[in-house]
Amino acid sequence: MLKVTLRDDSVREVARGTRIVDILNELGGRLKKEAVAAVVNGLVVDVAHELKEDATLRFVTFEDDEGQDVYRHSSSHILAAAVKRLYSDVKLGIGPSIKDGFYYDFDYSESFVPEDLLKIEAEMAKIIKEDHPYERFELPRQEAIEYFTSLGEDYKVELIRDLPDDVVISCYRCGDFVDLCAGPHLASTGKLKAIKLLNLAGAYWRGSEMNPMLQRIYGTSFPKKSLLDAYLTRLEEAKKRDHRKLGKELDLFSMQDEGPGFPFLHPNGMILRNELEAYWRSEHQRAGYDEIKTPVILNRVMWEQSGHWDHYQENMYFTKIDELDYAVKPMNCPGSMLIYKTKMHSYRDLPIRMGELGLVHRHELSGTLHGMMRVRSFTQDDAHIFMLPTQIKEEVKKVIALTEKIYNTFGFDYHLELSTRPEKAMGSDEMWEVATTVLREVLDERGLPFVINEGDGAFYGPKIDFHLTDSIGRNWQCGTVQLDFQMPEKFDLSYVGEDGQKHRPAVIHRVIYGSLERFMAVLIEHFAGAFPVWLAPRQVLVIPISDKHHVYALSVLEALQEAGLRVEADLRNEKVGYKIREAQVQKTPYMLVVGDKEAEAQEVAVRERVAGDVGSIKVADFISKIQDEITTKAVPG
RNA sequence: GCUCACGUAGCUCAGUCGGUAGAGCACAUCCUUGGUAAGGAUGAGGUCACCGGUUCAAUCCCGGUCGUGAGCUCCA
């Protein structure tokens with residue numbers, strides 16, 4: 001008999017070879033219905049799994065991450081099965097579960113069109129109804145290769161060949177459909193309830209542009225129709241806060257065919273940006289930064305010196321001046337290096353923190369452009385910190401603290417990633433090892449969770465990235481801290497040490513907003529356009545009830561302007577309701593309705609963006625209230 | 001850059017199975033002077049992305065270019 005320890009620490013005795021589903025049946029209740037898989041001694045397995053040894057056993061449902069994974073992965077098999085039934089000569093790629101759904105890649109000579117998705121969905125519904133069990137079987141490597149070769153599944157064969165020697169090669173059969181798969185899966189297709197195919201896209205086989213492009217079908221699935229509907233509604237809602245849509249509606253910026261990837265900032269967007277810059281300057285001054293500005297165009301010799309000519313050329317724009325080659329800067333670092341070099345530095349001067357709101361241009365692939373999230377010209381809130389090697393850790397810590405302080409002002413959620421040495425890199429392995437270790441230590445010491453991005457560092461050094469999330473859950477890198485021992489070398493930077501000799505300083509490159517453009521985009525989506533008062537392009541709108549109240553409205557306008565507020569008065573020949581609706585749509589934080597009563601009492605009837613009508617107060621009281629909100633940078637909600 | 005889809009008025013979108021176009025909002029003028037999310041009337045506004053081809057005739061069909069969207073690759 002085997003001992004099985006359940007989640008509540010109760011122990012059951014079962015015969016060797018007992019299937020998990022047998023235990024489930026015995027337990028009954030909700031679990032029997034909802035369990036999609038089980039975790040046995042830490043491994044996720046099918047419910048058909050037979051127990052061979054003592055085990056701790058935990059059931060997983062759709063509520064658990066592992067359960068969602070199994071559910072979606074099983075869904076992707078149905079997708080593949082349906083496609084194989086409907087179309088001949090389709091070869092299978094891979095079909096994993098992903099956040100919020102699943103996909104499957106197909107190699108098919110025709111291209112799928114949106115109508116195909118409906119057909120495929122219908123076929124999937126049939127397969128679900130037929131309630132095929134997912135049956136697992138294992139094959140020796142050679143047999144597996146022969147089997148999938150006989151099916152014409154070349155991609156699967158390639159996958160098998162690349163599997164490590166010690167791995168068990170398993171397949172799942174589901175009706176007449178067989179797929180190479182590690183599993184686990186649901187007990188049967190009938191367990192799947194609500195499935196929807198969402199979209200079609202191309203995707204390179206194994207993610208490499210050297211490989212053929214397959215057709216990827218994305219979908220999602222839930223154990224209940226209501227959950228699927230809720231998800232679809234959430235997607236719809238998220239689209240409403242897309243920064244491209246809001247940017248247009250709130251007249252913040254525009255993108256034009258005349259300059260793809262080069263954003264145009266409108267007056268409203270410029271207010272937002274200027275506020276961000278002002279906040280940035282005050283925080284950086286406080287944190288001991290100086291501010292500089294370096295040229296947008298510099299000569300070829302310098303870009304060769306910096307390494308960009310060799311390592312970054314395909315992303316750069318070039319021009320000729322008086323027959324000589326110049327490049328438009330894709331990064332601000334070389335300019336900062338040149339300023340550092342304009343004079344001798346003592347070790348007593350370090351660290352020197354040089355900030356620059358620097359406009360850079362990068363030739364990004366056309367297909368990657370995305371509103372203001374991904375553009376070809378943008379302003380980085382850059383800074384380069386020149387320091388003694390002994391100061392590195394402390395400075396990295398300070399940068400992270402400043403970043404967290406600034407992000408917290410906006411109430412962002414973010415996660416950290418540590419990127420290591422890329423293939424195309426400058427510098428010795430030792431240097432990379434030392435630099436990467438420093439960054440890792442700082443993260444560990446601060447107890448910050450992070451994921452590691454192997455090979456994703458800059459060509460001159462490893463980095464810590466801060467990722468923020470957009471309205472539909474895509475992550476965008478904003479802040480980054482990069483350690484660099486290369487640039488000081490290339491530019492022969494030095495400081496005079498205690499010993500009177502020249503030494504090499506270390507450099508940190510860092511941005512906090514990342515780029516003003518991307519940060520604004522994230523900000524727009526984060527607040528759904530309803531900015532905190534300190535950022536709102538128009539903070540207050542004065543709304544006179546009729547012509548008779550224009551004089552008083554203008555006096556209120558003037559008082560607020562005098563107090564430094566961004567205020568307008570709507571003197572148009574329209575009704576109050578009309579003006580309020582428009583201000584509401586424009587997400588103006590405060591509307592001040594003024595009529596006979598208010599003029600009489602020298603008051604304003606305050607309407608708040610969210611709360612609505614909150615009653616009348618004295619003009620002076622309103623001013624001090626809103627000013628308080630601005631200085632504390634209060635976040636709405 | 002790659003795959004697929006899309007491109008009609010300032011915006012959101014109809015439409016024409018080939019005979020040069022329409023709505024709502026916005027805009028302008030007039031009427032209305034109205035107390036917390038759209039008062040009414042009239043009017044102006046489009047080389048149907050651009051360039052070629054097929055055709056008696058192209059916004060519609062075909063090809064190319066540019067741009068946009070979703071994803072891949074790449075990145076702040």
Side-chain angles (χ1 to χ4, degrees), chain A residues 103 105 111-114 116 198-218 239 242 244-245 248-249 251 254-261 312 314-315 330-332 358 360 362-382 419 456 458 463 465-468 472 474 476-480 482 509-519 521-522 543-550 573-585 591-598 605-609 612-616:
Chain A
Y103 68 78
D105 287 344
S111 36
F112 292 122
V113 294
D116 287 322
L198 297 169
N199 44 27
L200 274 165
Y204 298 109
W205 167 240
R206 296 188 138 187
S208 166
E209 54 190 330
M210 307 305 288
N211 289 336
M213 181 163 278
L214 309 181
Q215 300 186 64
R216 177 170 297 178
I217 298 179
Y218 285 90
K239 279 186 193 152
D242 188 311
R244 293 166 298 187
K245 183 174 156 66
K248 207 178 279 180
E249 289 171 0
D251 200 11
S254 59
M255 303 301 301
Q256 320 235 12
D257 292 357
E258 288 77 358
Y312 210 71
E314 63 276 23
N315 281 298
M331 295 186 193
N332 300 303
V360 299
R362 296 183 185 173
H363 181 73
E364 302 293 350
L365 296 178
S366 60
T368 65
L369 302 179
H370 182 88
M372 289 225 292
M373 292 283 191
R374 188 77 186 276
V375 293
R376 284 175 172 162
S377 82
F378 53 100
T379 299
Q380 294 185 302
D381 64 317
D382 223 333
S419 297
D456 215 29
K463 56 180 187 160
D465 296 324
F466 289 75
H467 289 249
L468 299 175
I472 59 169
R474 289 177 293 210
W476 295 93
Q477 184 188 319
C478 288
T480 176
Q482 312 181 342
H509 306 240
R510 47 109 285 182
V511 290
I512 291 180
Y513 290 146
S515 82
L516 271 300
E517 289 76 5
R518 177 176 292 179
F519 196 80
V522 172
I543 302 178
I545 287 170
S546 81
D547 303 0
K548 289 184 299 204
H549 313 110
H550 283 188
N573 179 11
E574 294 291 352
K575 293 190 176 175
V576 177
Y578 182 92
K579 295 177 183 178
I580 284 175
R581 180 187 145 78
E582 199 171 276
Q584 201 73 49
V585 168
M591 287 150 263
L592 303 179
V593 178
V594 296
D596 289 334
K597 278 182 283 177
E598 290 74 19
V606 180
R607 184 188 166 94
E608 292 180 4
R609 182 168 51 191
D613 188 354
V614 294
S616 295

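Within every chain, numbering begins at 1; the chains are lettered A, B, ... in the order of the sequence lines, protein sequences first and strands thereafter.
- Listed pair His550(A) / rU33(B) fails the phosphate criterion, with no side-chain N or O lying under 4.0 Å from OP1 or OP2.
- Here Tyr578(A) lies in heavy-atom contact (under 4.0 Å) with sugar-phosphate atoms only.
- Between the C1' atoms of rC17(B) and rU12(B), the separation comes to 26 Å (whole Å).
- Taking 4.0 angstrom as the limit, Arg581(A) places none of its side-chain polar atoms (N or O) nearer than this to OP1 or OP2 of rC25(B).
- Residue Lys248(A) has no polar side-chain atom (N or O) positioned under 4.0 Å from OP1 or OP2 of rG10(B).
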Output the pairing pattern of RNA chain B as a dot-bracket string, 5' first, Watson-Crick or G-U wobble with both distances under 3.5 Å, | for cross-strand pairs, [ ] for crossing pairs. (((((((..((((.....[..)))).(((((.......))))).....(((((..]....))))))))))))....
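- Comparing rA76(B), rA70(B), rC72(B) by their nearest atom to the side chain of Ala203(A) picks out rC72(B).
- With hydrogens and angles ignored, a donor-acceptor pair closer than 3.5 Å exists between the side chain of Arg374(A) and the base of rC74(B).
- For Val576(A), counting side-chain heavy atoms from C-beta on, the closest listed nucleotide (rA37(B), rG35(B), rG1(B)) is rG35(B).
- A residue-by-residue look at Gly261(A) and Asp596(A) shows that Asp596(A) has its nearest nucleotide of RNA chain B further toward the 5' end.
- Of the inter-residue distances, the one linking Lys575(A) atom NZ with Ile543(A) atom CD1 reads 15.0 Å to the nearest 0.5 angstrom.
- Here Thr480(A) does not reach the OP1 or OP2 of rA76(B): none of its side-chain N or O atoms lies under 4.0 Å away.
- Side-chain proximity of Ile545(A) to the nucleotides rC75(B), rG34(B), rG67(B) is greatest for rG34(B).
- Within the 4.0 angstrom heavy-atom criterion, base atoms lie near Gly367(A).
- Across all strands, Gly595(A) comes closer than 4.0 Å to base atoms (heavy-atom distances).
- Side-chain N/O atoms of Lys239(A) include none lying less than 4.0 angstrom from OP1 or OP2 on rG69(B).
- For Gln477(A), whose side chain is taken as the heavy atoms from C-beta onward, the closest listed nucleotide among rA76(B), rG1(B), rU36(B) is rA76(B).
- Note on Glu314(A): nothing from the nucleic acid sits closer than 4.0 angstrom, heavy atoms only.
- Counting any heavy atom pair closer than 4.0 Å across all strands shown, Val375(A) reaches a base atom.
- Residue Gly202(A) is in base contact, counting any heavy-atom pair closer than 4.0 Å across all strands shown.
- As judged by a 4.0 angstrom heavy-atom cut-off over every strand, Arg518(A) is placed among the base-contacting residues.
- Within the nucleic acid shown, Asp547(A) comes within 4.0 Å of at least one base atom, counting heavy atoms only.
- Interface remark: the Tyr204(A) side chain does not form any donor-acceptor pair with the rG71(B) base, using a distance-only criterion of under 3.5 Å.
- A distance of about 32 Å separates the P atoms of rA58(B) and rG1(B), rounded to the whole Å.
- Stacking of Tyr218(A) onto the six-membered ring of rG71(B) is not present when judged by under 5.5 angstrom between centres and under 30° between planes.
- As judged by a 4.0 angstrom heavy-atom cut-off over every strand, Ala583(A) is placed among residues making no nucleic acid contact.
- Heavy atoms of Gln215(A) sit nowhere under 4.0 angstrom from any nucleic acid atom.
- Using a 4.0 Å heavy-atom cutoff across all strands shown, Arg244(A) reaches sugar-phosphate atoms only and no base atom.
- In this structure, Ser111(A) reaches the sugar-phosphate backbone alone: every heavy-atom distance under 4.0 Å involves primed, P, OP1 or OP2 atoms, never a base.
- Among the atoms of the strands shown, base atoms are found under 4.0 Å from some heavy atom of Glu574(A).
- Contacts of Lys579(A) with the nucleic acid, taken as non-hydrogen atoms under 4.0 Å apart, are absent.
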